[in-house]
Student: 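My structure is below; once you've seen it, I'll send some questions.
Both counts, for ligands and for their atoms, begin at 1 and track the order of listing.
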Amino acid sequence: MNKPLILVVEDDKPVRNLITTTLKTHDYKYTAAVNGAEALMAASSHNPGVVLLDLGLPDMDGVEVIKRIRSWSNMPIIVISARSEDRDKIEALDNGADDYLTKPFSVDELLARIRVAQRRLSIMQTEQASSGSLFTNGELKIDLAAGCAYLGGEQIHLTPIEYKLLCVLAANVGKVLTHTYITQKVWGSSWDNDIASLRVFMATLRKKLEPSADSPRYIQTHIGVGYRMLRIDPSDKE
Ligand code: CA
């Protein structure tokens with residue numbers, strides 16, 4: 001995989017050094033910013049492939065940085081924050097972050113999240129180029145023109161809500177989606193009872209999609225936050 005330029009936004013020097021040293025060791029190119037203003041400048045001048053963003057910055061909140069970048073770019077943004085409250089993660093995700101890591105984090109996990117973000121970026125680019133109506137992920141195929149989904153060549157019989165839910169997850173494969181985001185997309189609202197319905201529909205969708213309930217392959221739960229469709233590596237044949 002072609003390694004993207006990574007923008008590291010972190011005001012805490014030891015943490016910034018840990019991240020940049022890790023990136024250097026793994027042959028990533030990077031550029032660093034120590035506050036929000038520098039981050040916005042670097043994002044627009046370097047157009048990085050992935051942004052690693054701390055939320056607690058000296059001049060502005062990291063969420064503000066996400067909002068401003070999202071006004072003009074889809075570049076993957078991974079939040080790295082000491083804030084471990086679900087509502088902080090949710091706020092960052094609802095404003096367009098792709099993923100989050102809570103400090104202290106493991107270096108291996110950071111590298112894995114960067115690879116997910118890279119895959120998401122390359123999928124986005126391929127889909128923009130082909131604008132095809134067929135979505136494929138592992139054994140799962142969605143024929144968007146026909147409105148049908150298939151697993152291993154067999155059609156899956158989905159209710160309209162389950163199908164819509166599957167399409168929202170697929171359109172954002174690799175990205176953590178909050179309950180609010182999903183219910184907005186599926187029902188156009190996000191009342192508490194929509195979130196309860198979401199759990200029910202998610203359970204029935206999974207029953208049809210996952211061969212084993214104990215080890216889901218396609219849909220990952222982020223407790224208290226939301227869900228993510230995992231991208232299945234094509235070389236990962238079972
Ligand atoms: Ca900080």
Student: Any donor and acceptor pair, going by atom type alone, linking the side chain of Glu162 with main-chain N or O of Thr159 inside 3.5 Å?
Tutor: yes

Student: Could you pull out all donor-acceptor pairs under 3.5 Å where a side-chain atom in residues 9-16 meets a protein atom, sequence neighbours excluded?
Tutor:
from	atom 1	to	atom 2	distance (Å)
Glu10	OE1	Lys103	NZ	3.0
Glu10	OE2	Asp12	N	3.0
Arg16	NH1	Glu10	O	2.9

Student: Please list, in chain and residue-number order, the protein N/O/S atoms closer than 3.0 Å to the Ca ion (ligand 1).
Tutor: Asp11 OD1, Asp54 OD2, Gly56 O

Student: Taking salt bridge (charged side-chain N to carboxylate O under 4.0 Å, His left out) as the definition, give me every residue that meets it alongside Asp86, ordered by chain and number, with sequence neighbours left out.
Tutor: Lys89

Student: Does atom CE of Met41 have more than 12 heavy-atom neighbours, drawn from other residues, nucleotides or ligands, at distances under 6.0 Å?
Tutor: no

Student: Would you give me the side-chain donor-acceptor pairs under 3.5 Å for residues 164-177, sequence neighbours excluded?
Tutor:
from	atom 1	to	atom 2	distance (Å)
Lys164	NZ	Val186	O	3.0
Asn172	ND2	Val168	O	2.9

Student: Does Leu230 offer a backbone N or O that forms a donor-acceptor pair with the side chain of Gln220 under 3.5 Å?
Tutor: no

